[in-house]
Enquirer: 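Mind looking over this structure? Questions follow.
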Amino acid sequence: MSEQDYEKIKNQLDRVEKFTLLGAKSIFDIDEAALYTGIKKGTLYTMTMNQKIPYYKPNGKKIYFKREELDDWLTQNRISTKEEIDQKATTFITTKK
C-alpha cells in the first residue's frame with residue numbers, strides 16, 4: 001500500500017469517526033456545528049454575531065450550539081411542494097362555495 005493510499009484511508013476513517021461522535025452528542029462547539037450543518041465556521045461566527053442563529057456562550061468566550069435547536073433552525077421556512085399548494089387551493093375552492 002502506498003503512502004497516498006494510507007493517507008486517503010486515514011482521512012476517511014477520521015471523517016467517519018467525527019460523524020460517529022457527532023451522532024452521540026447533543027451539544028456542539030463551533031467546529032462540530034460547522035461539520036454538522038455544512039456551514040463554514042466563519043459564517044457561523046458571523047451569524048452568531050448578528051444573532052441569526054441560536055447559540056450559547058456560558059463563560060463569555062466559547063460558543064456552543066444545541067443539536068435540537070440547530071435542527072429546528074435548519075428546517076425553518078419550509079417551502080411547500082407544488083402538490084401541497086394544489087391541494088390547499090382545491091380545498092379552499094371547494095369549501096368557499
Enquirer: Walk me through it: do E7 and E3 pass the test side-chain contact (heavy atoms from CB on, under 4.5 Å)?
Expert: CA-CA 6 Å; E7 282 301 315; E3 186 67 28; 3.8 Å; yes

Enquirer: OG1 of T48 to CZ of F65: how many Å apart, nearest 0.5 Å?
Expert: 6.0 Å

Enquirer: Which heavy-atom pair separates P54 from E69 by the least distance, and what is that distance?
Expert: CB-OE1, 3.8 Å

Enquirer: How far does OH of Y36 sit from CG of L74, to the nearest 0.5 angstrom?
Expert: 7.0 Å

Enquirer: If you count heavy atoms of other groups shown closer than 6.0 angstrom to CD of Q4, is the number above 12?
Expert: no

Enquirer: Roughly how far, to the nearest 0.5 Å, is the CG atom of L35 from the CD1 atom of I30?
Expert: 12.0 Å

Enquirer: Of all the heavy-atom pairs spanning I85 and S80, show the shortest one and how long it is.
Expert: CG1-CB, 3.8 Å

Enquirer: Is the side chain of N59 donor-acceptor paired with the backbone N or O of K61 at a distance under 3.5 Å, no angle test?
Expert: no

Enquirer: What's the spacing between Y6 OH and N11 CG if we round to 0.5 Å?
Expert: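 It is 10.0 Å, given to the nearest 0.5 Å.
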
Enquirer: Is the shortest distance from a Lys or Arg side-chain nitrogen in D71 or R67 to a carboxylate oxygen in the other one below 4.0 Å?
Expert: no

Enquirer: When you look at CD of E84, are more than 12 heavy atoms from neighbouring residues, nucleotides or ligands closer to it than 6.0 Å?
Expert: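 Enclosed: over 12 neighbouring heavy atoms sit under 6.0 Å from CD of E84.
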
Enquirer: Roughly how far apart are L70 CG and I27 CD1, rounded to 0.5 Å?
Expert: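 The CG atom of L70 sits 9.5 Å away from the CD1 atom of I27.
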
Enquirer: Looking at D29 and Y64, what are the two nearest heavy atoms and their distance?
Expert: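 That would be CA-CD2, 4.1 Å.
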
Enquirer: Check the pair Y45 / I63 against side-chain contact (heavy atoms from CB on, under 4.5 Å), numbers first and verdict last.
Expert: CA-CA 9 Å; Y45 274 123; I63 295 172; 3.6 Å; yes

